[in-house]
Each structure stands twice: as C-alpha cells, then as structure tokens.
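Below is one structure, written out as structure tokens; comments come after it.
The first residue in the sequence is number 1, and the count goes up from there.
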Amino acid sequence: MKQIKLLILMLIGVLVSINLSSCGSNDDEPQLPSEDEIYKMWLEEATSEYDVVKDQMAYNIYDGKAMLHSVNPAISGAISIPSEVYYEGTGKNYPVTYVEFNPDITFSKVTSLSIPSSVEDCRIGYLSITKTLSIPSSVTYLEIYDCPELTTVSLAEGADNFGITNCPNITSLTIPQSTKQFRLKKLSIKEITVPTGIEFVEFQECGKLEKVNNLENSSLKVLGSRAFYNCTALKELYLPKTTSSITYGCCEGATSLNKVHCLRTTPPSLKDSKYGEPFSVMDNLYVPKGCKDAYKEVYPWNQFKEIIEE
C-alpha cells in the first residue's frame, strides 16, 4: 500500500504548490481528495494485491493464517479487527495472526482499535486521535509508532518484545514480567520499573526519564548503542552483574547522569565504535569492593573522575 500513500502525499504536495503560486488571486482554493476518493483508490489497489478485502482492511493468506497488511488510509471510527477472515479461494476461515494497521495520519480518525486474541505479531502506527490501546496476551511482538494523542498502552503478560516510538503523551507504562526486550523512544515517562528477566532495554530521547527501577536485578547483558540516548533528566544508573559489555553511544546525551553503579566485578567491555562516546558525563563510578584497580585499567571506566568502591 505504499503506492496509495505516495499518491496521497503527491496530491497534497501539488495542492500546496498551487496554493503558494496562486496567493493573492480570487480563484477558489483547490480541495484535498475526499475520503471517498481515497477509499476508491485504496480499494482498487487492495483488490488487485491481496487475497481478502473486507471492512476497509486487506489480508493475505499464508501458511494457514491471515495477515492484515493494509487498511483504507482514511479509515475512521471504532475499529475491531476480526479474529478470522473467510477466503473464497479455499472456502475456509483463517485466523488473523499478523496485524499491520497504519492508516494516513491526516485523513484517518480512528477513535478506538480492538485487537483480537488471535494476533501474535502487531504493528500499529499513525493513529491521530486514539488515546488508549489494549494489547492482548497473545501478542508476543509489538510495535507502536507515531500516535500523538495516545496516553495509555495496556500490555498483558505474554509480551516478549515490544517498541513504542514517538508517542509523546505516554507518561507511564507498566512492563509485563514476560518481557525480554523493549525499545522506547520519544515518550514522556519519568519513572519505570523493568522486569527481572529483561535482557535488552532502550530509552531513546526520553528526556523526562528520571529513574529506572530494578535494572540492577535484571538479566541485562549488553547496554546498547542508544540505550539512554538523550535521556537528559536521568541522574543515576545501575548496571547488573550480568552486563558483560556496553556500546559506544549508550549514554550519549544523558547530560545529568553523574552516578553510574556497575555491579560486575569484571569491567564490562566496550564495543562498536561507530557511535558517539559511551558517556557524556563521567563523574562518579561505583564498583564492587576490591574491584577499583581493575576498573582503573580499562577504558572508558578509567576516565571517570571518581571510582568508589561500595
């Protein structure tokens, strides 16, 4: 469905260009395409590309499952994704296990979105006015992006790997104990608690984040290249015993981070030099008793102003 979205963007660009060139004239302003026109363009393309088109949603049937790949760019109102769809080609119903729901943020006005318990892999984006989302326990992989009014995401136990990007009105989030990996970018959370079994975390450009609870008790193995990128309010960080390496750029832009506690007796190694420096501030490093000398011999730990045993 990239073609239909590209066509809409081209139409908007042409209309903007016409408006700019005709400023000061008395001609009527050109109109954007109507929702009916957008739907007709989408329907023509969807009918030719997908196995099932129903209720403004288009699916492909693959390996005994239905995969939602496209929706009407102007889809609006309270939307319920079905748990199964009927395919005339075989005369059978197929469970919907994959969802890619990303209408056009300018034209679509989805007030609510209901996701069935059949879905395992879910990608949701460009919801312009939706305020809450509830994710069923069947979803193990999740991506949510570019939802400017979204305030609440309810995640059930079962979520293994998820990411939420550019949803600035989300101020709090409860992470399920089942989660092993998550990525948060451009959220307004101030404090968060991570589950003990977590192995990968990322808080890119979460400028209000002040505190990450329980990270010291987690199973975090590697501090990634953008783990706390531009988390300007974060002042203190605990790295568990399981963290064997950190990455260049892991805390770049974390300009208030003046206390780093590393619980590992052996200094974590530094990897992947294509990013920026691992820390923007290198004031106080806290290490286990008897390990100060080991940390003083290894970069970047030996660059901290103070290395304190605790």
Report the hydrophobic cluster partners of Val222, with the cluster defined as I, L, V, M, F, W, Y residues connected by side-chain heavy atoms closer than 4.5 angstrom, directly or transitively.
-> none

Checking Glu37 side chain against Ser34 main chain: does a donor-acceptor pair fall under 3.5 Å?
-> yes

Do Thr193 side-chain atoms and Asn213 backbone N/O form a donor-acceptor pair below 3.5 Å?
-> no

With sequence neighbours left out, write down each residue that passes ring pair (Phe, Tyr, Trp, His ring centres under 6.0 Å) with Phe162, or none if nothing qualifies.
-> Phe182

Are Arg226 and Glu252 close enough for a salt bridge, meaning some N to O gap below 4.0 Å?
-> yes

Which ring pair (Phe, Tyr, Trp, His ring centres under 6.0 Å) pairs, counting each pair once, include a residue from residues 211-234, with sequence neighbours left out?
-> Phe203-Phe228

Thr243 (side chain) donor-acceptor with Leu220 (main chain) under 3.5 angstrom | yes

State which residues pass ring pair (Phe, Tyr, Trp, His ring centres under 6.0 Å) with Tyr286; sequence neighbours excluded, sorted by chain then number.
-> His261

Where at least one partner belongs to residues 71-101, residue pairs that pass ring pair (Phe, Tyr, Trp, His ring centres under 6.0 Å), sequence neighbours excluded | His69-Tyr98

Sequence neighbours left out, cut at 3.5 Å: what donor-acceptor pairs do the side chains of residues 142-150 make with other protein atoms?
from: Glu143; atom 1: OE2; to: Tyr141; atom 2: OH; distance (Å): 2.7
from: Glu143; atom 1: OE2; to: Arg183; atom 2: NH2; distance (Å): 2.8
from: Tyr145; atom 1: OH; to: Asn102; atom 2: ND2; distance (Å): 3.4
from: Asp146; atom 1: OD1; to: Asn166; atom 2: ND2; distance (Å): 2.7

Output, in order, the C-alpha distance, side-chain angles, deciding distance and verdict of side-chain contact (heavy atoms from CB on, under 4.5 Å) for Lys185 and Glu202.
-> CA-CA 8 Å; Lys185 183 176 182 180; Glu202 197 169 84; over 6 Å; no

Using modelled atom types only, decide if a donor and an acceptor are shared between the side chain of Ser178 and the backbone of Asp160 within a distance under 3.5 Å.
-> no

